[in-house]
Amino acid sequence: MIKHSKSFRCFQYVFAVVVTIFFLAPLYWLFISSISYRDDLITTPLKFIPPAVTFSRYVDVFANADNEMAYVFRKAMENSMIVSISVTMLALIVGNLAAYAFARLRFPFRKHLIYLFLFTYMIPPIVIVIPLYLILDSLKMLDQKLTLVLLYSSSVIPFVIWIMQSYFKSISREYEQAAEIDGCTKSQTLWYIILPIVRAGLVSTGILAFLIAWDEFFLSLIFTSTLNAKTISVAIAEFTGKHTIDYGMIATGGVIASLPPLIIAAVFQKYLIQGMTASGGTE
Amino acid sequence: MTNFGRKERIFALKIIAPAIIIVFGVVIVPLVVTFIYSFQNMELISANRGAFVGLDNYINILKSNDFWSSLWRTLYYSVASISLELILGVFIALLLNENLKGFGFLRVVIIFPWALPTIVNASMWKWIYHSSYGALNALLTQLGVIDKYQSWLGTPFSAMNMVIIADVWKMTPIVVVFCLATLQIVNKSSYEAAYVDGANAVQRFLFLTLPYLRSTILVLIVMRTLETFKAFDIFYIITRGGPANGTKVLTYEAYLKAFSNLQYSKGAVIAYLIAFIIALLTIAYTRILEKEEDII
């Protein structure tokens, strides 16, 4: 066992405390801003422990339709939820089918295709948005949730393919051979034998797919204009851009928008880390 | 056998088809059209709109100071963020790898900044940096570090560095997670052997830890370079490219050209130049993955 000197241990704990403060303080302030009275947020000297708190903004977001900002946040959250869940389902189904083929089957241009998918995942959306805007406009598809689902899927599907094919590759071929001998068709093998084995991979890929969709901003900024499809990122961005506004309300929107990813990060940490490292190809 | 191979090909085609239709259906046509735009005159007021102008658009952009200054800004942002994230991230990973008492909490919360949506992160930091009510000004004043409130986003250089801090706060956790995952499969006995042979902590770090982390760090560098070259959201929220264009990075420049000035061909050219850089990085990335995985 390596022995460290007392002063080194002490240094480690000091470093740990500084790191914890650095990473938690901004989150603390975001939350405090959301429950502070407006006047307390714009006083000098600022009090880091609020003299009084209020949860009225949260109540407004969930129950009050008269507060315009609160209403926008609620509708935008609903849109984000519908879009992100749809993208996750679609990308998991479509992406896994393709990933299995890439990992297990022999067919022409296999390698070219997989790099093409990887490239479409990597290219910045700015390269496609100019003509895409004109095309979607002429198809009357702007400002629709379905459009966002398709657009997001076009980058989330390659991501799912990229991660899942490495999971499929890691399974021993003997399972499939045994299934084949027992008379399973290829689709039955995939459904009953392979998918249950890669369940952990499916969970972590699904979580990351949801987080990518939830986090998306650029496409939603360009292709949505009303609450019909506007996502929470765009709603928060719009209010942040205005100057004379109650920051506490933006903070409330920020906290609510962060809850789904934060809950996922806390509850599914093991899967999340597994998925993150797999997506970097280091496993 | 050939019959079997044919069946396999058809089955493969069937299960890849949905992915091909959705992904390439959305991407390919716009990708090609943008490419064509980049060789056309798309100025809205021009008399010969739509005329092909060869490489003129590319030459004009490559000759313009605007392009080169946004490229340098992007590079500065990229290099500064990634270096800070790597240094901070590696040390935090080493710390957490020690399994000391009370570190379990830090291990769980360290991932929170990464999980925060990009827009929430940007908006939160913009509020923290606020020149009249911001928490940063309040904190530094109350600690006696500064004597009056500063306008952190008021000058180009300072604004860029503030965006970098916001990015480092959010993305350092990913370095921690990756390095920690690698460190945990490292053989602990080699450290003990080195310790017995008299290697001090610095030597163990340089000759054991860094080589172990080499491929992880390489992957992180390429991954983060790709992301920082595409960065848009954080600048859109915190600085809008300002002040005095001081934070106008490549993607933001392309966005402004296309959607604010409606100069489609200029936007398309910059977009393609970004895509070109991204393509090079992607190739580097796959090369590293293939090479490193052979070594390990």
Side-chain angles (χ1 to χ4, degrees), chain A residues 2 12 15-16 19-20 23-24 26-27 29-30 41-42 45-46 94-95 97-98 100-101 105-107 117-120 122-124 126-128 130-132 150-151 153-154 157-158 161 186 214-215 217-218 233 236-237 240 247 250 254 257-258 261-262 265-266 269 273 276-277 280-282, chain B residues 8-9 11-12 15-16 18-19 22-23 26-27 30-31 33-34 92 95 103 106 108-113 115-120 123-124 126-128 133 135 138 142 169 177-178 181 191-192 195 216 219 223 226 230 232-233 237 251 254-255 258 264 267-268 271-272 274-275 278 282 289:
Chain A
I2 299 174
Q12 283 183 316
F15 184 54
V19 165
T20 313
F23 284 106
L24 285 188
L27 290 175
W29 190 240
L30 181 72
L41 288 176
I42 54 174
L46 191 61
V94 172
L97 287 173
Y100 179 73
L105 306 173
R106 278 158 302 161
F107 53 93
F117 273 116
L118 182 64
F119 181 68
T120 51
M122 299 286 192
I123 51 163
I126 185 81
V127 186
I128 56 168
I130 305 169
L132 206 49
L150 286 175
L151 293 178
S153 296
S154 75
I157 289 171
I161 295 178
K186 279 206 180 304
W214 188 263
D215 195 43
F217 171 67
F218 186 61
S233 316
I236 291 173
T240 310
Y247 190 81
I250 300 177
S258 307
L262 284 181
Q269 183 146 44
I273 287 173
M276 281 161 84
T277 44
T282 48
Chain B
E8 183 166 306
R9 279 205 298 278
F11 181 67
I15 60 177
I16 296 183
I22 296 176
V23 176
V26 169
V27 173
L31 204 59
V33 175
T34 307
I92 296 173
L95 182 76
F103 281 15
L106 185 52
V108 175
V109 298
I110 193 78
I111 203 169
F112 286 0
L116 213 65
T118 312
I119 295 302
V120 176
S123 166
M124 178 184 83
K126 190 177 183 183
W127 170 234
I128 290 173
Y133 316 123
Q142 287 172 26
W169 182 81
V177 166
F178 273 62
Y191 278 88
E192 274 156 28
Y195 176 72
T216 308
V219 166
M223 238 174 70
L226 282 164
K230 291 194 269 189
F232 172 83
D233 308 5
I237 300 292
T251 310
Y255 166 80
Y264 290 156
Y272 254 90
I274 301 171
I278 298 283
T282 310
L289 285 187

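Chain letters run A, B, ... following the sequence lines, proteins first and then strands; every chain starts at 1. Side chains included, hydrogens not; waters and symmetry mates left out as well; all remaining heavy atoms used.
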Report yes if some heavy atom in the side chain of [X] is under 4.5 Å from a heavy atom in the side chain of [Y]; otherwise report no.
X      : Y      : answer
A:I123 : B:V27  : yes
A:L105 : B:I16  : no
B:V23  : A:I161 : no
A:F218 : B:Y255 : yes
B:P117 : A:P261 : yes
A:F15  : B:L95  : yes
A:P26  : B:W127 : no

On a heavy-atom basis, which atom in [X] and which in [Y] lie closest, and how many Å separate them?
X      : Y      : result
B:I278 : A:P124 : CG1-CD, 3.9 Å
B:Q142 : A:L46  : NE2-O, 2.7 Å
B:S123 : A:Y247 : O-OH, 3.1 Å
A:A257 : B:V120 : CB-CG2, 4.0 Å
A:F23  : B:P113 : CD2-CG, 3.6 Å
B:I119 : A:S233 : CG2-O, 3.4 Å

Note to self: To the nearest 0.5 Å, what is the distance between CG on B:D233 and CZ on A:F217?
What the structure shows: 6.0 Å

Next item on the list: Calculate, to the nearest 0.5 Å, the distance between atoms CD1 and CZ belonging to A:I273 and B:F178 respectively.
Entry: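 CZ of B:F178 is found 10.5 Å from CD1 of A:I273.
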
Checklist line | Max heavy-atom pair count under 4.5 Å with chain B, selected residue of A:V94, A:I236, A:I42 | finding: A:I42

Notebook entry, point to check: If you count heavy-atom pairs under 4.5 Å with chain B, which of A:L150, A:L151, A:L27, A:L118 comes out on top?
Noted result: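 Among the listed options, the one with the most contacts to chain B is A:L27.
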
Next item on the list: Output all residues satisfying side-chain contact (heavy atoms from CB on, under 4.5 Å) with A:S153, sequence neighbours left out; order by chain, then residue number.
Entry: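 side-chain contact (heavy atoms from CB on, under 4.5 Å) list for A:S153, sorted by chain: A:V87, A:L90, A:V149, A:I157, B:I22.
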
With only heavy atoms counted, which part of [X] is less than 4.5 Å from chain A, the side chain, the backbone, both or neither?
X      : answer
B:I128 : side chain
B:I92  : both
B:F112 : both

Check: For the side chain of B:K230 and the backbone of A:I126, is there at least one donor-acceptor N/O pair under 3.5 Å apart?
Finding: no

Notebook entry, point to check: Backbone N or O of A:V127 within a donor-acceptor pair of the B:T34 side chain at under 3.5 Å?
Noted result: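 Yes; judged by distance alone, with no hydrogens or angles, the pair exists.
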
Next item on the list: Tell me, out of B:I237, B:V33, B:V108, who's got the most heavy-atom pairs with chain A below 4.5 Å.
Entry: B:V108

Notebook entry, point to check: For A:Q12, is it the side chain, the backbone, both, or neither that has a heavy atom closer than 4.5 Å to a heavy atom of chain B?
Noted result: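 For A:Q12, backbone and side chain are both near chain B.
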
Next item on the list: Select one option (side chain, backbone, both, neither) describing which atoms of A:T120 are under 4.5 Å from chain B's heavy atoms.
Entry: side chain

Next item on the list: Tell me, with the steps shown, if A:Y100 and B:I15 meet side-chain contact (heavy atoms from CB on, under 4.5 Å).
Entry: CA-CA 8 Å; A:Y100 179 73; B:I15 60 177; 4.0 Å; yes

